[in-house]
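Working notes, beginning with the structure itself.
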Amino acid sequence: MPELPEVETIVRDLRPEVVGRRFLRASLSHDDVLRGVSRRALLHGLAGARVLGLTRRAKHAVFSTDRRTLVVQPGMTGALLVTEAPLVREARQYAVLQVRMDDGRLLIYRDIRRLGTLLWLDQTSWDEYSLGIGPEPLDPAFTPRALGRALDGSRQAVKKVLMDQRRLAGVGNIYANEALFAARIDPSKEARRLTPADRARLHRELGRILRAAIAAEGTTFRDYVTGTGEPGSFQLELLVYGREGEPCRRCGTTLSGTHAIDARSTVFCHRCQR
DNA sequence: ACGAGGTCCTGCGAGC
DNA sequence: TGCTCGCAGGACCTCG
């Protein structure tokens, strides 16, 4: 499930493949991934557009072009790939968007469950959209104080606040679970009740884990692949996510699981995280 | 403002 | 073996 490290990996892999390329013809297999743009406007807009840059914002891959900006949010099962060979059957079945480029290769957005979304925005709309997203946790400007501001005043569970894209960019269920375990914070603790020491540890561990996950090219549980089609390897380093009922790597206590926070699977050590 | 719950979407694994 | 059902969940929505 592409969160910040996964989308960062995809963007780094694809940037040299697409920047400077011109899009030729595009096709779309399903309309239900579009938000605020019609099939016709998207396909017509993409045809002939030159890619000026590819960046990441939160969990979005952002293709800026000499026309509008193509924003891809992979959701649960989305993947972006560049391919030269014709698509094999499995790949073709889930290829939602296919864009022929001027070097003959295809840029593919593949999404099995289609919980991902595609946007086609002008500069002003993209700026506004981006302003509605919280700070980037790997930005040098994201200090412990900035994390404090994201958590301040919220009576919600700290885990839910970490995953709230309006407050903080790019953190989803996997990395929220992992960061809270590493920082030894109970995921259900009210965000506003974190002590300064809690916040300092959470800031440090969140940054450390996101960087380590990028170095590992992301976490592959099911469908996620990098921009080159390879699985990531951070699943080998997960300490709590997916480990409910298994022993805590720190103290050996059986890890607990709950769906009480925002109906998302939460795994934690009730002994280490208080 | 907050929590709870529904919606989208499909593959997968459990259970019968 | 073949079926149904619940679950996975990011973002967004409505309701109370």
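Being a predicted model, the structure only gives us computed values, none of them experimental. Convention: sequence-line order gives letters A, B, ...; per-chain numbering from 1.
Comparing the axis of the opening five pairs of the helix from B/dC2-C/dG16 to B/dC16-C/dG2 with that of the closing five pairs yields an angle of 50°, rounded to 10°.
Under the ring pair (Phe, Tyr, Trp, His ring centres under 6.0 Å) criterion, the residue pairs touching residues 197-217 of chain A are A/F142-A/H203, with sequence neighbours excluded. Counting only residues at least two apart or on different chains, the salt bridge (charged side-chain N to carboxylate O under 4.0 Å, His left out) pairs with a member in residues 136-147 of chain A are A/R56-A/E136, A/R57-A/E136.
Nearest heavy atom pair, residue A/M101 against residue A/L107, reads SD-CB, 4.3 Å.
Heavy atoms from other residues, nucleotides or ligands lying under 6.0 Å from CZ of A/R21 number more than 12.
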Restricting to nitrogen or oxygen on both sides, can you table the protein-nucleotides 4-6 of chain C pairs closer than 3.5 Å?
none

Between the protein and nucleotides 14-16 of chain C, are there any N/O to N/O pairs under 3.5 Å, and if so, what are the atom names and distances?
none

All N/O pairs under 3.5 Å across the protein-nucleotides 5-12 of chain B interface:
residue: B/dC9; atom: OP1; partner: A/D32; partner atom: OD2; Å: 2.9
residue: B/dC9; atom: O4'; partner: A/R113; partner atom: O; Å: 3.4
residue: B/dC9; atom: O3'; partner: A/R114; partner atom: NH2; Å: 3.1
residue: B/dT10; atom: OP1; partner: A/R114; partner atom: NH1; Å: 3.3
residue: B/dT10; atom: OP1; partner: A/R114; partner atom: NH2; Å: 3.0
residue: B/dT10; atom: O2; partner: A/R113; partner atom: NE; Å: 3.4
residue: B/dG11; atom: OP1; partner: A/Y94; partner atom: OH; Å: 2.2

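With sequence neighbours excluded, no residue satisfies side chain to side chain donor-acceptor pair (under 3.5 Å) with A/R40. In terms of the side chain to side chain donor-acceptor pair (under 3.5 Å) criterion, residue partners of A/T195 (sequence neighbours excluded) are, by chain and number, A/D198. A/L138 meets the side-chain contact (heavy atoms from CB on, under 4.5 Å) test with A/L4, A/L210, A/R211, A/I214; sequence neighbours excluded. Residues meeting the side-chain contact (heavy atoms from CB on, under 4.5 Å) test with A/V267, sequence neighbours left out: A/V240, A/E244, A/L255. Among residues two or more places apart in sequence or in another chain, the side-chain contact (heavy atoms from CB on, under 4.5 Å) test is passed with A/E17 by A/V82, A/R105.
In this structure, A/L118 places its CG atom 18 Å from P of C/dG10, rounding to the nearest Å. Distance, A/H259 NE2 to B/dA4 P: 15 Å, rounded to whole Å. One atom, CG of A/N173, and another, P of C/dC7, lie 16 Å apart when rounded to the nearest Å. Between A/R167 atom CZ and C/dA11 atom P the separation is 15 Å, expressed in whole Å. The nearest whole Å value for the distance from the CG atom in A/L34 to the C1' atom in C/dA11 is 16 Å.
Side-chain atoms of A/R167 come within 3.5 Å of backbone N or O of A/A150 as a donor-acceptor pair. Put simply, the side chain of A/R39 gets close to the backbone of A/L28: a donor and an acceptor are under 3.5 Å apart. Judged purely by atom type and a 3.5 angstrom limit, A/R208 has no side-chain atom pairing as donor or acceptor with the backbone of A/A212.
Here the OH-OG1 distance, from A/Y224 to A/T219, works out to 8.5 Å after rounding to the nearest 0.5 Å. Separation of atoms CG (A/L81) and OH (A/Y109) is listed at 11.0 Å; rounding is to 0.5 Å. The line from CG of A/L194 to CG of A/L147 is 8.0 Å long, rounded to the nearest 0.5 Å.
Taken residue by residue, residues 151-164 of chain A places heavy atoms nearer than 4.0 Å to DNA chain C at A/M163.
Across all strands, A/T77 comes closer than 4.0 Å to no nucleic acid atom at all (heavy-atom distances). Residue contacts for A/Y241: at a heavy-atom cut-off of 4.0 Å it reaches the sugar-phosphate backbone alone, with no base atom in range. At a threshold of 4.0 angstrom between heavy atoms, the contacts of A/H60 with the nucleic acid are absent.
Proximity of A/Q73 to the phosphate of C/dA11: a side-chain N or O atom is located under 4.0 Å from OP1 or OP2.
Taking the centre and axis of the six-membered ring of A/F181, the NZ or CZ atom of A/R250 falls inside the cone set by 45° and 6.0 Å.
Both A/M76 and A/Y129 sit near DNA chain C, but only A/M76 has its closest nucleotide nearer the 5' end.
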